[in-house]
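Here's the structure, in structure tokens; my notes come after.
Residue numbers begin at 1 in each chain, while the letters A, B, ... track the order of the sequences. Bear in mind the structure is a predicted one, so any value in this text is a computation, not a measurement.
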Amino acid sequence: MGKNQNEFVKEITPQGEDFSQWYTDVIKKADMVDYAPVKGCMVIKPYGYRIWELIQAAFDKRFKETGHQNAYFPIFIPESFFCKEAEHVEGFAPEVAWVTHGGGEGLPERLAVRPTSETMVCAMYAKWIQSWRDLPVLINQWCNVVRWEKATRPFLRTTEFLWQEGHTAHATAEEAEEETRRMLDVYAECVEGTLAIPVLRGQKTEREKFAGAVRTYCIEALMRDGRALQAGTSHNLGQHFAKVFNITYLDKNDQLQYVWQTSWGVSTRLIGALIMVHGDDRGLVLPPKVAPLQVVIVPIGPAGKREAVLARARQLHQELQAICRVHLDDREEYTPGWKFNDWEMRGVPLRLEIGPRDMEKNQVLLVRRDSGEKCAVAQDDLAKTVQDFLAEIQLLLFERARRFREDNTHQVADKEEFDRVMENERGFILAAHCGEDSCELHIKEQTGATIRCLPFTAEPVSGRCVYCDRPAQQWAYFARAY
RNA sequence: CGGGGCGUAGCGCAGUUUGGUAGCGCGCCACGCUUGGGACGUGGAGGUCCCGGGUUCAAAUCCCGGCGCUCCGACCA
């Protein structure tokens, strides 16, 4: 037994001391990633990748339910394709990786390693779409993309990352807009319902929107250090790409028309959000729906009773396998205390302890990761209790995060208060804004805060801009962002 | 891309000021003993001191140049 029996293991820097260090400690201690030998690149290890698989499954299910099909497009994009849409090139050019050689020879045309696939998809859609009967085209792909970033952090911003990108083509502007909004709602549902992360929905300003889009909608989440994280974006591309890639169809009146397009994406960044929304000083805290292991069984077997305890643990393991993702940690080389700490750092929602004392009473001990609460449960009620606890933890984590966001969202009426909040409390600021780009930029320079989104609110805005005193045009959520 | 910090065994570090041929803790391997919040003993394995040049009889240590990680800003899922 350790010498400091009333202290938990201090492998992780407390959040309050250094949030960035805490984040780095957690991803390492939870065994989610390792740094790769290439700058800005990470290996997603099995435990981290399993989380991604669970996230993927939840989103993919909803994509299919909303009529989308998966496909795969090439990773290499000819430079000439990439350069067609002016705003798009300008936006992405600084972070594109180029392939100049193949098979030992120089290529006649450079190939971009996709930073996003709009141009490749559009080139193909131009071939595939002829008639109004071909529409809509609703395709998604799960893939990797590369963006040559200057500052990288595991999951939050890496040179290569995994994501999904939906690309759709429609006959009308209305349909495209409807699709853009529908997928934003799908994102919000999945992120809130599965990752237990509350999000704000809204529209990006011109400054923040996707390069080449008419409009960008987004979901924004608040991290525990008071900074915002863009968790997903959905773009209405209008006819910008259709016109330069010549994606046309004959409508019912025999008229040649350009299609209307959308694209939308979420990435492995969601895992970063998961860590920073739910995690605590003991490590990761995973919502049951995305936890690789929902229950871990730790048998406590002193000499003489070990076999009996283990046998019972195996039986429980088998029973629980029918209802959840459960693991029996029967390693002999670690003490129970060591295992408790280890699985807590990895964020497993429920721990089941079984020892001689429990055997006598025909019970087990369930310990919740979210609250630390210990609860003796009769073995007969185990399956039901585990299911109830997992469901409860899922909801409770969402509630807790929602309350945190509410407590850290400030409606602000004037510049002084704006500055004070950004200086001290951080979080979201809801304020009236003039809608001027120059003012938005000024706020960013003064406070570090950007407009995260313009909420879809029915409330009319009146009065003056929170920062420049011009007449207000819109409500805006501000925050310092990742 | 600017500014700071760091790079020595798998991890965390000492050694660098003042050059002399590498050490500690944890982990790892073997055996024993243990198991209700990171046990203990004995023995053992493990190092291009980030990389490349230079100075020197001699470089982890001094000089020059790279690379990587990290934090803070500018640009971005």
Side-chain angles (χ1 to χ4, degrees), chain A residues 1-11 18-21 23-25 28-29 34-42 90-96 115-116 144-165 187 204 207-211 216 218-220 229-235 263-273 282 298-306 309-310 329-345 351 353-359 364-365 367 372 374 376 441 444-445 448 450 480-482:
Chain A
M1 216 150 298
K3 283 172 185 165
N4 303 318
Q5 289 189 26
N6 45 5
E7 282 185 6
F8 292 103
V9 178
K10 292 176 286 188
E11 302 269 339
D18 183 344
F19 195 82
S20 292
Q21 189 58 50
Y23 180 82
T24 308
D25 289 347
K28 281 195 290 200
K29 282 292 160 192
D34 197 4
Y35 292 99
V38 181
K39 177 181 164 58
C41 292
M42 63 174 173
E90 198 191 329
F92 280 100
E95 45 188 7
V96 172
T116 178
N144 59 341
V145 285
V146 168
R147 297 182 187 176
W148 221 258
E149 299 288 352
K150 287 155 188 166
T152 57
R153 301 192 63 193
F155 295 121
L156 300 175
R157 179 170 299 106
T158 45
T159 302
E160 180 189 11
F161 58 94
L162 305 182
W163 78 344
Q164 61 66 219
E165 44 179 328
Y187 282 169
K204 285 295 187 191
R207 169 169 295 276
E208 301 277 333
K209 76 163 203 218
F210 177 76
T216 290
C218 64
I219 50 173
E220 293 279 330
L229 185 77
Q230 181 174 305
T233 46
S234 185
H235 318 292
S263 69
W264 26 274
V266 298
S267 71
T268 35
R269 173 181 265 193
L270 286 174
I271 298 175
R282 312 256 291 268
V298 179
I300 293 133
K305 302 194 171 150
R306 184 171 173 75
V309 170
L310 253 182
D329 187 353
D330 57 1
R331 292 175 292 180
E332 298 193 18
E333 63 272 30
Y334 293 107
T335 61
W338 194 94
K339 293 174 183 175
F340 297 166
N341 285 292
D342 194 45
W343 293 113
E344 275 169 9
M345 285 192 291
R351 176 173 78 240
E353 299 177 24
I354 175 140
R357 296 208 292 271
D358 303 304
M359 299 275 286
V364 301
L365 198 64
V367 186
K374 298 185 179 184
L441 182 62
K444 186 177 180 180
E445 284 165 353
T450 50
R480 294 179 71 153
Y482 272 94

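With a cut-off of 3.5 Å on both Watson-Crick or G-U wobble distances, the partner of B/C28 is given as B/G44. Searching all strands for a Watson-Crick or G-U wobble partner of B/C67 with both distances below 3.5 Å returns B/G7. Across the strands present, B/A77 finds no partner; the criterion is a Watson-Crick or G-U wobble pair with both atom distances under 3.5 angstrom.
Side chain of A/K39, nearest nucleotide from B/U35, B/C69, B/G37: B/C69. The side chain of A/E344 lies closest to B/G37, out of B/G37, B/U34, B/G36. Closest to the A/E332 side chain, of the nucleotides B/U34, B/G36, B/U70, is B/U34. Side-chain proximity of A/N341 to the nucleotides B/U35, B/G37, B/G36 is greatest for B/G37. Of the candidate nucleotides B/G37, B/U70, B/G12, B/G37 has the atom lying nearest to any side-chain atom of A/V367.
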Output one line per pair: protein atom, nucleotide atom from nucleotides 5-9 of chain B, and distance, for all N/O pairs under 3.5 Å.
none

Are any protein N/O atoms closer than 3.5 Å to N/O atoms in nucleotides 47-51 of chain B? If there are, list each pair with its distance.
none

Heteroatom pairs (N/O) under 3.5 angstrom, protein to nucleotides 71-77 of chain B:
from, atom 1, to, atom 2, distance (Å)
B/C71, OP1, A/R153, NE, 3.3
B/C71, OP1, A/R153, NH2, 3.0
B/G73, OP1, A/R480, NH2, 2.6
B/C75, OP2, A/K444, NZ, 3.0
B/C76, O2', A/E149, OE2, 3.4
B/C76, O2, A/R157, NE, 2.2
B/C76, O2, A/R157, NH2, 2.5
B/C76, N3, A/R157, NE, 3.3
B/C76, N3, A/R157, NH2, 2.2
B/A77, O3', A/Q230, NE2, 2.4
B/A77, O3', A/R269, NH1, 3.3
B/A77, O2', A/R269, NH1, 3.2
B/A77, N6, A/T158, N, 2.9
B/A77, N6, A/T158, O, 2.6
B/A77, N3, A/S267, OG, 2.9

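In this structure, CD of A/E333 is placed 18 Å from C1' of B/G41, rounded to the nearest angstrom. Straight-line distance from the CD atom of A/E353 to the P atom of B/U35: 16 Å, rounded to whole Å. B/G36 atom P lies 14 Å from atom CG of A/D329, rounded to whole Å. B/C11 atom P lies 16 Å from atom CE of A/M345, rounded to whole Å. Atom CD1 of A/I354 and atom P of B/U35 are 17 Å apart (whole Å). Between the CD1 atom of A/I300 and the C1' atom of B/U34 there is a distance of 14 Å, given to the nearest Å. Atom pair A/D25:CG and B/G12:C1' shows a separation of 11 Å (rounding to whole Å applied).
Among the heavy atoms of the strands lying under 4.0 Å from A/P154 are primed sugar atoms or P, OP1, OP2 only; no base atom is included.
Nucleotides B/G47 and B/G10 have their P atoms positioned 8 Å apart, rounded to a whole Å. Separating the C1' atom of B/A14 from that of B/G7 is a span of 15 Å, rounded to the nearest Å. Here the separation of B/G44 from B/G12, taken at their C1' atoms, is 22 Å to the nearest Å.
At a cut-off of 3.5 angstrom, the base of B/G37 holds at least one donor-acceptor pair with the side chain of A/K374.
Applying the side-chain hydrogen bond (donor to acceptor under 3.5 Å, both in side chains) test to every pair with at least one member in residues 149-162 of chain A, sequence neighbours left out, gives these pairs: A/N144-A/E160.
Between A/Y187 and A/W264, the angle of the ring planes goes over 60°, which puts this pair in the perpendicular group of the 30/60° scheme.
Partners of A/D358 under the salt bridge (Lys or Arg N to Asp or Glu O under 4.0 Å) rule, at least two apart in sequence or in another chain, do not exist in this structure. Applying the salt bridge (Lys or Arg N to Asp or Glu O under 4.0 Å) rule to A/R351 yields the partners A/E344, A/E353; only residues at least two apart in sequence or on another chain are considered.
No side-chain heavy atom of A/F161 sits less than 4.5 Å from a side-chain heavy atom of A/M42. In this structure the side chain of A/R306 reaches within 4.5 angstrom of the side chain of A/E332, judged on heavy atoms.
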